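Everything below concerns the one structure shown next.
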Amino acid sequence: MITVSSMVNNINGFMQLQKSQQSLFDASAKLTSGKRINSAKDDPAGLAIANLMTSQIRANNQGIRNANDGISFAQVADGALSGANDVLQRIRELAVQAGNGTLSDSNRSTIQNEINQLSEQLSDIGTNTKFNGINVFDNAGSGGQSLNIQVGFNQSISLELGGLSTGSLSGGLSSSSGELQSGRVDAATTGVAAGSVSINGVELSALAASTSGQADVKADVINQASGQTGVTATASNVIQGSTANAYQPVSQGISVTVGGTTTTLGSSGNLNDFVNDFNLNVAGAQAQIDSEGKLQIFNDTGKDITLTDNTVGGLGSLGLSAGTFSGSISLSSSDGNDINVNTTDTGSFSDLQAFGFNQQQGASSITGGQVSGQNITANDGININGVALGSVGTTGSNTNASDVSIAINAISSQTGVTASANTTVELSADVSALQNNSLTINGVDVFSSFTGTSLDDAINQINSASLGDIKASSNSDGELVLSSNSGQDINIENDAAAFSQNSSAIANSFTQRGELSLNSSDGSSINISSTAAIGSQTAALDKIGLSDVGGFSSSAGGNVATTANASNLIKNIDNIISQIDQTRSGLGATQSRFLSAINNLSQSSILSQSSRSRIEDADFARSISELLQARLAQQASSSIFVKSQQAERAFISQLIGS
């Protein structure tokens, strides 16, 4: 039927032509792209599945690259540890040689020079071993840290160096588990009462008052209890000079006093001549030149060494300063366990300082006394593991333990030491005297409207006040305990004797300052020192409430001046070598795991690509067939569409013609 109004045949032919053209376009797209799914309309579900597989494939491929980077990192670390092992084996060989009793002091000094150089090489290995600019030991060794290697979209492998760090490679030469090194002992001017200091829980006997350091006497006091503590003490003294001119003549008149005997030295042609003259004439101490050309004076008795300058400042030309240098104490545990040094309830922090120690749980955990509240300056020269702390606070300002702990933690990536601060004070409280009392705690009026009758009421009153992190509690003795976990000062003003401490009333004001606790992230010894002028070092360290520790032993840095030191060095080297062996074994196992991960990821990636191909790739045989079919349909549709138009035009022409 031919119609004019609707032209149905024409419209139908046009629609069929459009369909055939779309089929032709779809078939062409499949052949040109090689994909069955070119847009979401082709297969919405298939597109989503294929896209998910693409994510997995790309993650697997990147995981393979990451795993290869992990293998490279492990190989760099293993190579560095192999070099460190070679250095340690040589140092051990030298230590065995130095342990021979037939060697003279000069022979050992020569051996020491090589050991010092090798020790510096160990430090260089730790500092300079890097992968892609990342320090290997500080990022995968320090503080039990691990380097996370992402080897897939939901899988990671941790690469660890077993606690080895930049500091522990060379630092371990002079320290190991079961050893503890004090700083310079303080003079016990009022003595130390029996039972004031304990080692491994055993109280030490009394120490007589003295104006000198007497490290040797204090070591004897410790050794009196060694049968109970399992700890033996040795005393030594080391004076480390600064840079000196090796060829400058030294004028006569420099005096050295050891154990009450004073020796005045004559002139010397150069630094080496001075050392020879010193060792020939001075009793109770020795001199040597270290690997950096600096003069070192030491003894293995711990007796004080007093240096007196001549009239032309000869000590300065030697890199030394005049003054009395007290010795230090080295503790060694017979069972290799950490040594704990503490005060008892009747002792004080100054009692610990008399022995050169802080409160210590091994060499890697230290707790000090109260900070002084004074600001720290660069001139105080406070160093932690050889890194300068710098200035903390401003002149005239109150610098609390929290401020100092923040400053220490700011350099922890260099020192391997973290700090925390805490303030605690125990007070006896007269609750009735607290009622309507005008006293303030850190400037806050707490008790002006207080009407409570019990200690618990007073505790609740304090905890409801706005005192920051200062909290109140009670102890088993019924005392009020005020504490700040951040190390804030606790200041009480206008007390009117409502509080007392140690049976003494606090008449007006009272300030409890915080204490610092330091912990080594890799378990190695913590060294605290001050480079301030002689006579100012103790005052500088008092600002942080700590004694200098860890850096004054005659065996520090692997010294082999005596056969005993050489024996200790061998033991320490064996500990480090054992740790290196375990770490390298772990690195090898980790590399094997990386290779297994790479094989698994490669197989998964290949199979996923195959699966994705079956979903989204075009079947060329079918696509060509569809293309030919679409072309034929298009040609037929075009022909029919043209003919339908011709029929309608012919009909219209007849109507017009008639």
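Both backbone and side-chain heavy atoms feed into the values below; hydrogens, waters and symmetry mates do not. This structure is a prediction, so every number in the text was calculated from the model and none was measured.
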Inter-residue atom distance [X].[atom1] - [Y].[atom2], 0.5 Å rounding:
X      : Y      : atom1 : atom2 : result
Asn116 : Lys294 : CG    : NZ    : 11.5 Å
Ser236 : Asn299 : OG    : CG    : 7.5 Å
Thr129 : Ile134 : OG1   : CD1   : 13.5 Å
Ser196 : Asp345 : OG    : CG    : 10.5 Å
Asn132 : Lys130 : CG    : NZ    : 11.5 Å
Ser529 : Asp548 : OG    : CG    : 7.5 Å

Report yes or no: does [X] contribute a side-chain atom to a donor-acceptor pair with the main-chain N or O of [Y] at less than 3.5 Å?
X      : Y      : result
Asn442 : Asn491 : yes
Asn237 : Phe298 : no
Asn527 : Gly386 : no
Gln370 : Arg513 : yes
Asp78  : Ala74  : no
Asp216 : Gly302 : no
Ser530 : Asp380 : yes
Ser182 : Ile329 : yes
Lys471 : Asn463 : no
Gln537 : Ala532 : yes

Test item: [X] and [Y] side chains (from C-beta on) under 4.5 Å apart, heavy atoms:
X      : Y      : answer
Val417 : Ser412 : no
Glu426 : Asn475 : yes
Phe73  : Val136 : yes
Val221 : Val197 : no
Ile462 : Leu480 : yes
Arg108 : Gln288 : no
Leu427 : Ile492 : yes
Gln360 : Val549 : yes

Check [X] against [Y] and note the closest heavy-atom contact, atom names and distance.
X      : Y      : result
Asn358 : Gly545 : OD1-O, 4.3 Å
Val371 : Thr399 : CG2-O, 4.2 Å
Ser486 : Ser402 : O-CB, 2.9 Å
Asn400 : Gly487 : CB-O, 3.9 Å
Asp338 : Gln361 : OD2-O, 4.4 Å
Ser226 : Val231 : CB-O, 2.9 Å

Apply the test side-chain contact (heavy atoms from CB on, under 4.5 Å) to residues Phe510 and Ile490: give CA-CA distance (whole Å), side-chain angles for both, the deciding distance (0.1 Å), then the verdict.
CA-CA 8 Å; Phe510 170 83; Ile490 298 176; 5.9 Å; no

Establish, from distance only, whether the side-chain atoms of [X] and [Y] form a donor-acceptor pair under 3.5 Å.
X      : Y      : result
Asp489 : Thr511 : no
Glu515 : Thr367 : no
Thr424 : Asn422 : yes
Asp469 : Ser484 : yes
Thr232 : Asn223 : no

I'd like to know whether Ser420 forms a side chain to side chain donor-acceptor pair (under 3.5 Å) with Ser405, so could you lay out the CA-CA distance, the side-chain angles of the two residues, the decisive distance to 0.1 Å, and finally the verdict.
CA-CA 6 Å; Ser420 60; Ser405 68; over 6 Å; no

Asp304/Ser326 under side chain to side chain donor-acceptor pair (under 3.5 Å): CA gap, chis, key distance, verdict:
CA-CA 4 Å; Asp304 292 2; Ser326 60; 5.1 Å; no

Kindly indicate, with the supporting measurements, whether the criterion side chain to side chain donor-acceptor pair (under 3.5 Å) is fulfilled by Asp542 and Ser372.
CA-CA 6 Å; Asp542 281 345; Ser372 70; over 6 Å; no

Evaluate side chain to side chain donor-acceptor pair (under 3.5 Å) for Asn409 paired with Thr418, printing each intermediate quantity in order.
CA-CA 5 Å; Asn409 288 330; Thr418 57; 5.1 Å; no

Is any side-chain N of the basic residue among Arg92 and Asp574 closer than 4.0 Å to the acidic one's carboxylate O?
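Result for this pair is yes, salt bridge flagged.
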
side-chain contact (heavy atoms from CB on, under 4.5 Å) assessment of Thr590 paired with Ile149:
CA-CA 11 Å; Thr590 303; Ile149 307 295; over 6 Å; no

Applying side-chain contact (heavy atoms from CB on, under 4.5 Å) to Val341 and Phe355, what does each step give before you reach the verdict?
CA-CA 10 Å; Val341 181; Phe355 287 90; over 6 Å; no

Which residues pass the side chain to side chain donor-acceptor pair (under 3.5 Å) test with Ser397, sequence neighbours left out?
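Per chain and number, Ser397 pairs via side chain to side chain donor-acceptor pair (under 3.5 Å) with Thr394.
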
Among Leu352, Leu204, Asp351, Thr343, which residue meets the side-chain contact (heavy atoms from CB on, under 4.5 Å) test with Val192?
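It is Asp351; the other options fail the test.
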
Please step through side-chain contact (heavy atoms from CB on, under 4.5 Å) for the pair Leu569 and Ile115, ending with a clear verdict.
CA-CA 11 Å; Leu569 178 58; Ile115 288 177; 4.1 Å; yes

